[in-house]
Amino acid sequence: MTKHGLPKDFLWGGAVAAHQVEGAYNVGGKGLSVADVMTAAGNHDERKITDGVQAGEFYPNHEAVDFYHQYPEDVKLFAEMGFKSFRTSIAWSRIFPQGDEIEPNEAGLKFYDRLFDECLKYNIEPVVTLSHFEMPYHLVTKYGGFRSRKTITFFTRFAKAVFERYQDKVKYWLTFNEINNQSNYDRAFTLFTNSGIQVKPGENAEEVMYQASHYEVVASSLAVQIAHQINPDFQVGAMVAFSPVYPATDKPSDVLKAQRAMQARFWFSDVQCEGEYPTWLTQYFDAKGYDLDITKADLANLKRGTVDYLGFSYYMSFATQASDHEDKQFSYNESRDLVTNKYVPQSDWGWQVDPEGLRYGLNWMNDRYHLPLFIVENGIGAIDKLTANHEVHDQYRIDYLRDHIVQMKLAMVEDGVPVMGYTPWSAIDIVSASTGQLSKRYGFIYVDRNDYGSGSLARYRKDSFYWYQRVIATNGADLSLDGEHDDTKA
Ligand code: BG6
């Protein structure tokens with residue numbers, strides 16, 4: 001850490017995921033993924049998951065923003081912003097179109113060769129997620145996704161293929177994107193995108209989630225071990241959605257409820273960072289009568305395959321309160337137990353905007369895991385307006401990002417939290433994961449495309465593009481709008 005703040009090699013950049021930008025859903029031998037069978041929704045409803053691709057439905061990820069074809073121009077724009085890193089994912093179904101093949105698809109591998117080479121040409125370090133909500137759809141229909149232990153083998157085969165292929169191009173990896181989203185097991189979207197699972201009538205969704213998640217943490221631990229055998233310099237991280245759950249009041253039962261909520265959301269990273277299940281959770285399985293398939297060999301692998309760093313997204317904080325009749329476990333159900341925090345504002349999509357929560361989160365994770373931390377997503381979805389001159393005045397985005405970077409710097413400089421980098425969501429406009437909308441925009445670069453799939457796909461720099469360019473150029477010292485408040489000059 002320098003006197004004024006951030007280390008010189010801090011990984012400033014931006015993030016996207018394959019299925020949200022690439023399009024070309026059936027090009028180069030790619031198979032269908034879970035993202036290819038989800039329709040578009042509105043601000044406050046969920047995407048429909050269809051039975052395969054149905055005629056007459058609109059699937060926004062099929063074309064997305066055509067990054068598959070336009071990546072050279074897009075990476076050039078990232079370089080113009082000064083990116084040191086670019087986080088994306090590898091679409092599993094480009095490499096193993098069905099998921100259960102023995103040999104990878106060469107055309108898919110070649111695409112990522114070209115993409116990573118393009119990044120490296122500008123000294124942009126790729127940061128690559130193996131599974132970002134894009135499991136091959138065939139694994140869902142044939143094996144029930146991560147309901148099946150066999151999917152661990154399919155995942156590790158995929159991981160090995162890409163670790164070997166890109167061992168000289170990619171150093172930073174993440175296993176499962178926001179693996180802990182599925183702690184909100186009542187929401188169809190999270191179990192489907194994380195694990196390829198649709199809960200059947202009469203099933204206990206919580207138990208299904210714990211079994212699938214166990215297979216995923218085991219798959220992650222095996223991938224870490226394979227990665228280190230292939231290249232000991234690889235840095236492999238876990239990735240969680242860090243949404244802290246605050247107690248709604250200082251009533252002790254609310255505090256206990258919030259503690260259980262945090263445990264329920266973060267046992268995933270406990271296991272991935274520490275290599276073992278927390279005691280509250282094994283007790284909880286017993287109390288609930290969940291008889292899960294967890295073997296001794298699994299537990300040994302969890303211990304052997306702990307991650308090198310912890311990546312996380314940060315968008316918002318939550319709050320919860322106890323009911324009058326809590327059970328002994330303070331069982332937490334996110335769809336049921338969240339309450340509105342009156343101290344923080346909300347985005348147009350109801351996300352609670354709380355920059356201080358980022359400083360809190362960085363300290364909380366640092367105290368708990370003692371590992372380097374990487375903020376691999378942070379941003380605000382908003383409606384942008386393109387002017388007649390092709391400008392976008394997205395002051396709200398600049399405000400959001402600036403307020404969060406301020407808190408990140410406080411955590412790093414004042415509190416000594418080790419943060420490796422910051423890749424806001426998103427480098428360029430994407431298809432929203434939860435709603436499928438293009439109009440829920442996150443990027444520094446505007447893409448001319450609407451929610452219904454029309455538009456020229458032309459790219460335009462937003463005001464935030466120029467602002468972030470200066471933030472990176474000054475290594476985070478100048479967060480002002482006019483470039484006149486460089487705090488290294490103070
Ligand atoms: C995270 C995901 O949940 O948040 C991204 O990792 C997603 O894929 C981002 O796009 C923003 O969420 P949404 O639903 O607004 O796209």
Side-chain angles (χ1 to χ4, degrees), residues 146-147 176 178-191 194-195 197 199-218 220 238 240-296 298-299 302-303 310 312 316-341 352 357 360-361 364-365 367-369:
F146 267 103
R147 281 177 189 275
F176 290 94
E178 293 188 334
I179 189 170
N180 64 331
N181 264 3
Q182 54 201 328
S183 58
N184 191 354
Y185 49 83
D186 269 351
R187 211 178 147 201
F189 169 79
T190 57
L191 265 176
N194 278 125
S195 299
I197 288 177
V199 177
K200 298 171 192 151
E203 270 190 320
N204 181 331
E206 188 184 51
E207 185 173 8
V208 170
M209 178 276 288
Y210 277 121
Q211 182 64 72
S213 303
H214 171 69
Y215 290 150
E216 278 161 50
V217 289
V218 171
S220 171
V240 290
F242 192 83
S243 303
V245 191
Y246 303 148
T249 72
D250 48 12
K251 196 168 137 197
S253 57
D254 284 355
V255 175
L256 275 169
K257 184 80 184 185
Q259 183 178 51
R260 175 50 44 92
M262 292 292 276
Q263 289 171 320
R265 285 190 67 82
F266 299 109
W267 71 267
F268 300 81
S269 39
D270 291 351
V271 174
Q272 290 178 292
C273 296
E274 291 162 359
E276 57 190 45
Y277 272 89
T279 49
W280 77 268
L281 187 52
T282 48
Q283 295 285 111
Y284 186 81
F285 292 157
D286 287 348
K288 292 279 170 177
Y290 295 164
D291 183 19
L292 304 181
D293 171 28
I294 299 178
T295 66
K296 277 204 177 119
D298 290 345
L299 297 177
L302 292 178
K303 206 66 202 165
L310 179 57
F312 69 96
M316 60 191 145
S317 60
F318 295 148
T320 192
Q321 71 185 18
S323 73
D324 293 338
H325 308 287
E326 280 301 333
D327 60 20
K328 284 192 193 134
Q329 290 85 23
F330 279 85
S331 302
Y332 172 69
N333 176 324
E334 198 151 297
S335 300
R336 181 193 66 198
D337 293 332
L338 290 184
V339 295
T340 302
N341 180 347
Q352 300 192 148
Y360 170 78
W364 188 88
M365 284 181 271
D367 289 348
R368 199 169 176 99
Y369 302 125

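Owing to the predicted nature of the structure, the values given are computational and were not obtained by experimental measurement.
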[X] and [Y]: which non-hydrogen atoms are nearest, and at how many Å?
| X | Y | answer |
| --- | --- | --- |
| Phe146 | Ile197 | C-CD1, 4.1 Å |
| Ala287 | Gln329 | CB-NE2, 3.1 Å |
| Pro244 | Tyr360 | CB-CE2, 3.7 Å |
| Leu191 | Ala205 | CD1-O, 4.4 Å |
| Val217 | Phe268 | CG1-O, 4.4 Å |
| Arg260 | Gln263 | NE-OE1, 2.7 Å |

Would you say the side-chain atoms of [X] pair up with the backbone N or O of [Y], donor to acceptor, closer than 3.5 Å?
| X | Y | value |
| --- | --- | --- |
| Ser317 | Gly357 | no |
| Asn180 | Ala241 | yes |
| Asp293 | Gln211 | no |

Before giving the answer on side chain to side chain donor-acceptor pair (under 3.5 Å), spell out for Asp337 and Thr320 the whole-Å C-alpha distance, their side-chain angles and the decisive distance to 0.1 Å.
CA-CA 6 Å; Asp337 293 332; Thr320 192; 5.3 Å; no

Once you round to the nearest 0.5 Å, how far does [atom1] of [X] lie from [atom2] of [Y]?
| X | Y | atom1 | atom2 | result |
| --- | --- | --- | --- | --- |
| Asn333 | Tyr185 | CG | OH | 4.0 Å |
| Asp327 | Lys288 | CG | NZ | 5.0 Å |
| Asp270 | Thr279 | CG | OG1 | 10.0 Å |
| Asp254 | Phe330 | CG | CZ | 9.0 Å |
| Thr190 | Ile179 | OG1 | CD1 | 12.5 Å |
| Arg336 | Ser323 | CZ | OG | 7.0 Å |

Taking Glu334 as the fixed residue, which of Arg187, Lys257, Arg265 is the one that meets the salt bridge (charged side-chain N to carboxylate O under 4.0 Å, His left out) rule?
Arg265

The test is side-chain contact (heavy atoms from CB on, under 4.5 Å); show your working for Leu292 and Glu207 and say whether it passes.
CA-CA 8 Å; Leu292 304 181; Glu207 185 173 8; 4.0 Å; yes

Heavy-atom check, side chain of [X] versus side chain of [Y], under 4.5 Å:
| X | Y | answer |
| --- | --- | --- |
| Tyr284 | Glu206 | yes |
| Phe266 | Ser183 | no |
| Ile294 | Val218 | no |

Looking at Arg368 and Glu274, is any side-chain nitrogen of the basic one under 4.0 Å from a carboxylate oxygen of the acidic one?
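Not counted as a salt bridge, because no side-chain N and carboxylate O are separated by less than 4.0 Å.
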
Whether over 12 other heavy atoms sit under 6.0 Å from Asp291 CG
no

Tell me, yes or no, whether the heavy-atom count around Asp250 atom CG, taken from other residues, nucleotides or ligands under 6.0 Å, exceeds 12.
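Not buried by this count: 12 neighbours or fewer within 6.0 Å.
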
Answer with yes or no after comparing the ring centroid distance for Trp267 and Tyr210 against a 6.0 Å cut-off, counting only values under it.
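Ring-ring flag for Trp267/Tyr210: true, centres closer than 6.0 Å.
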
Between [X] and [Y], a side-chain donor and acceptor under 3.5 Å:
| X | Y | answer |
| --- | --- | --- |
| Ser195 | Gln182 | yes |
| Tyr215 | Asp298 | no |
| Tyr246 | Gln352 | no |

